[in-house]
Amino acid sequence: MIGRRLMHGLAILLTLAWSHGVMGDMPEISRNAFSLPLAGLSDADRQRFADGRLLFQRSWVQAPSADEVFDGLGPLHSRLACISCHPGNGRGQAPELPSGRLLSMAVLIASAADEPAGSHPHPVYGVQLNEESRPGIPAEGSARLHWHYHDTSLSDGTVAELRRPEVVIDRLAYGPLDNARLSPRVGPAVAGLGLLEAVPDVLIADIAEEMKPDGVRGRVNWVRDPHSGELRAGRFGYKASAATLLHQSAKAMHVDLGITSALFPSSNCTAAQTECLLQQAVETAERVASGRLAYEIGDRSLSELVFYLQQLAPPDVPQQSAESEAGLVVFTELGCAVCHRPSLNLPDGTAVTAYTDLLLHDMGEGLADGHVEHSASGRDWRTAPLWGLGLVARLSDQEQYLHDGRARTITEAILWHGGEATVAVERFRRLSDLDREALLNFLKSL
Amino acid sequence: MNRIPYQVLRTLLITTVLNVSGAPIWAAESDRELLVMTSYPDAMVSRFEAAFESMYPQFDMTVLWRQSADAMSWLELQNHGGVDVYWAPSAGNFERLADAGEFAVLANSDLPFLLGKTTLRHPKGLYAASELAGYGIALNPQRLTELDLPAPETWRELSLPAWRGQLVLPAPTVGFAPVMIDIILQTYGWDAGWNLWRALAANADFSTRGGSFVTDGVGSGRYAAGVTIDFFATTAMAAGEAIDFVYPAFNGFNPAHIAVMADTGARSAANAFVDFVLSDAGQALMMHPDIRKLPVRPHVYDSQPTYPNPFLMTEQSDFSYDNKLGAQRLDLVAVLFEEMIMAHHALLRTAADASLWLQANPASVISESEAMSLAPLFERTSRQDSLRDAQRQQLRSQWRSSAGEVYRALIK
């Protein structure tokens with residue numbers, strides 16, 4: 001096993017070596033694999049897709065600006081653009097080094113003092129650490145990840161090194177971050193979300209009701225949609241806390257970029273952040289005085305953004321080869337497919353081959369973050385879609401999996417599964433080399 | 001309650017970021033905090049940010065994003081709004097700021113001075129080129145085959161009748177377009193260049209949105225060709241889009257620049273960032289598939305011999321772009337394009353054959369020397385000046401009217 005310091009050094013070297021071309025070129029195919037539109041868009045819809053793409057990719061700016069579509073950033077924010085945390089519409093990355101900044105991931109914050117613990121924003125720092133800010137307004141703090149390692153063995157004696165992140169925050173600008181639960185999360189891939197949005201609530205509910213083996217349960221995260229007011233089956237976000245892309249997008253704009261909208265008309269400043277509140281108030285007054293809407297992303301722009309996300313095609317899953325079919329058999333026999341359902345069928349017969357049931361599952365203490373989101377407990381996570389899994393290693397600068405990028409291989413990701421997945425993981429540990437290879441090849445084919 | 005006057009609110013908005021005690025509150029707590037203003041896309045900036053901080057973990061970089069047209073209003077604030085480094089493709093802004101003494105002399109100024117006639121660094125070291133962009137033609141090979149059109153080798157070929165309706169051009173409001181317009185003017189001469197633009201416009205639709213919309217149009221097959229800046233096309237190609245890109249003969253490369261603000265409170269960090277961008281590692285990072293810029297250090301191309309090399313292309317060409325000349329007049333060139341061409345696009349297209357504009361060769365509404373004398377009037381500035389606004393409006397109206405008269409007479 002390679003020592004950890006050497007690994008850190010290699011991470012730097014590999015980053016620089018890649019940029020020097022020393023590693024040689026990775027096949028430059030499908031770099032836009034997560035960015036293609038669904039087939040069959042009309043010319044008008046293609047234009048709308050392109051308009052939404054601009055909103056997703058462009059950096060937002062602080063007011064006042066001549067750029068009135070894109071002004072209103074902050075005063076407190078995590079990054080400048082949606083694509084910052086969803087690079088190439090794919091996954092964000094956790095920094096490998098303790099000195100690395102969280103450039104495509106966020107640190108969610110919840111209060112541990114309220115009941116139930118982890119269910120409310122922190123009274124001073126709110127729901128997410130805003131590491132960036134408008135010049136003149138103090139940013140909330142600076143986060144780093146320290147990795148803690150431990151080994152685990154498979155039945156055949158193979159040792160796998162696992163790691164988990166510890167969030168360390170310094171330069172706190174608004175007082176101590178007491179009684180807080182921190183949850184670092186990389187930006188997830190955004191391709192195929194329109195198809196997930198189209199899955200009927202009743203289908204998700206029916207899946208939850210099904211009897212499942214091996215102690216697997218699965219629950220719907222019923223959430224109140226802020227636009228319609230209806231109680232809906234959540235499916236977006238790591239804990240399925242949003243049912244629609246409109247809600248998820250508006251929430252992300254608000255929390256990550258400090259952009260207000262009709263759904264989130266107030267700033268993301270907390271009561272303790274008086275300079276932030278003052279700045280936001282002045283900006284809002286200026287907007288209104290100049291005849292603009294009080295909130296920063298208009299309904300039309302937001303709907304274009306949502307349209308873009310809805311029309312992003314899922315990564316192309318090639319037809320299974322004989323080799324990957326053998327892996328699918330292993331996948332099914334282990335029990336993975338109970339939660340990572342190969343397909344969800346829409347009412348029109350479209351098969352959404354996302355490998356998810358969109359349900360919450362208790363994943364055990366190892367992955368728990370202590371954050372409560374509606375009916376999702378601190379140990380619950382929505383089953384992650386596996387489509388595009390095989391592209392992670394090819395398109396991302398680093399191969400990382402799970403919500404916080406802790407897993408550097410698919411094997412590590414599997415070994416972190418606990419709770420309802422315990423029985424399936426035990427079967428995985430007992431796999432022969434051959435079956436394990438078949439399983440991994442199958443997963444890399446997705 | 002009385003409404004607060006708009007201008008008072010605007011002033012209040014700007015001044016709330018100033019420390020009421022007089023000290024600049026955005027002054028770095030220490031030299032470790034670096035504020036970089038840029039207009040580069042996130043895919044590029046985030047990579048540079050990560051690589052820089054990896055190499056210099058003692059510094060924290062924050063990015064202030066601003067379109068080039070919008071940058072000056074921030075940089076004209078007290079202490080440049082806290083900006084330490086300005087890094088952007090905006091020749092006009094860099095010229096104005098350098099002339100105003102707003103930049104510090106760079107510690108690292110060892111780039112080649114010239115690439116043909118293209119200046120890569122300020123003669124007094126106040127700014128340096130950080131990357132180059134070339135201009136060319138994105139092509140849809142399938143459409144070319146269907147239309148039996150050869151890949152063009154010159155700009156002029158796009159004015160041929162066979163290209164009617166098959167071409168997309170960027171409107172001058174698209175960031176890279178003014179330089180593109182000026183390259184044609186410098187290549188063919190002032191009057192001949194404007195006439196070529198008329199002929200191209202007669203064959204084309206205009207894309208008024210962001211730069212990637214030209215390659216979108218070509219990639220979708222709606223157009224067989226589109227005039228664009230190279231990195232939009234080459235990143236799309238690297239992403240697997242079925243388009244080609246050619247650098248036609250008589251081309252130019254336009255540098256983007258980087259500079260340290262003279263009053264930076266983070267000089268070590270600022271110099272380190274400039275050093276990194278201009279280092280071999282930084283220049284090689286420009287070749288990342290998601291960035292696809294052209295490095296300004298010739299030897300960096302040795303590691304990727306098939307990568308487009310502007311140094312080789314300039315050696316082999318009879319033309320290179322005078323970016324110093326261009327920087328003086330880009331704003332005016334964009335305005336002339338709007339008034340002489342965009343405003344009369346429908347009229348230009350009524351000509352049965354786009355080559356009418358080349359054959360007739362009408363004189364431009366103003367000569368090149370007149371343009372150079374009027375260029376300062378049209379420089380973008382955040383300052384309100386109703387007199388200048390009125391002068392500009394009058395000239396624009398005059399040019400639009402004159403151009404229309406000439407076109408109508410020729411079409412008859």
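Chain A is the first sequence line, chain B the second, and so forth, proteins listed ahead of strands; every chain is numbered from 1.
Neither the backbone nor the side chain of A43(B) comes within less than 4.5 Å of any heavy atom in chain A. For D71(A), no part sits under 4.5 Å from any heavy atom of chain B, backbone or side chain. When heavy atoms are compared at a cutoff of 4.5 Å, L54(A) approaches chain B solely by way of its side chain, counted from C-beta outward. Heavy-atom distances place the side chain of R144(A), and not its backbone, under 4.5 Å from chain B. Using a 4.5 Å cut-off between heavy atoms, V63(B) touches chain A through backbone and side chain atoms alike.
Side-chain contact between Q62(A) and W74(B) is present, with at least one heavy-atom pair separated by less than 4.5 Å. Contact check for Q57(A) versus D42(B): no side-chain heavy atoms found under the 4.5 Å cut-off. Side-chain contact between S46(B) and R79(A): present, with at least one pair of heavy atoms (C-beta onward) separated by less than 4.5 Å.
Nearest heavy-atom pair across D70(B) and A66(A) is OD1-N, 3.1 Å. Considering every non-hydrogen atom in both S99(A) and P57(B), the closest pair reads CB-CB, 3.9 Å. Closest of all the heavy-atom pairs between M61(B) and R101(A) is O-NH1, 2.7 Å.
With respect to D397(A) and R47(B), a salt bridge is recorded, a charged nitrogen being found less than 4.0 Å from a carboxylate O. Between R46(A) and D216(B), no side-chain nitrogen of the basic residue sits less than 4.0 Å from a carboxylate oxygen of the acidic one, so the salt-bridge criterion is not met.
Atom CG of D389(B) has more than 12 heavy atoms from other residues, nucleotides or ligands within 6.0 Å.
Among V300(B), T62(B), D290(B), T235(B), the residue making the largest number of heavy-atom pairs under 4.5 Å with chain A is D290(B).
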Practice task
Report the C-alpha separation of W65(B) and R58(A) in whole Å, then their side-chain angles, then the decisive distance to 0.1 Å, and conclude whether the side-chain contact (heavy atoms from CB on, under 4.5 Å) test is met.
Solution key: CA-CA 10 Å; W65(B) 204 90; R58(A) 258 288 307 270; 3.2 Å; yes
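Between the CG atom of L103(A) and the CD atom of E49(B) there is a distance of 5.0 Å, given to the nearest 0.5 Å.
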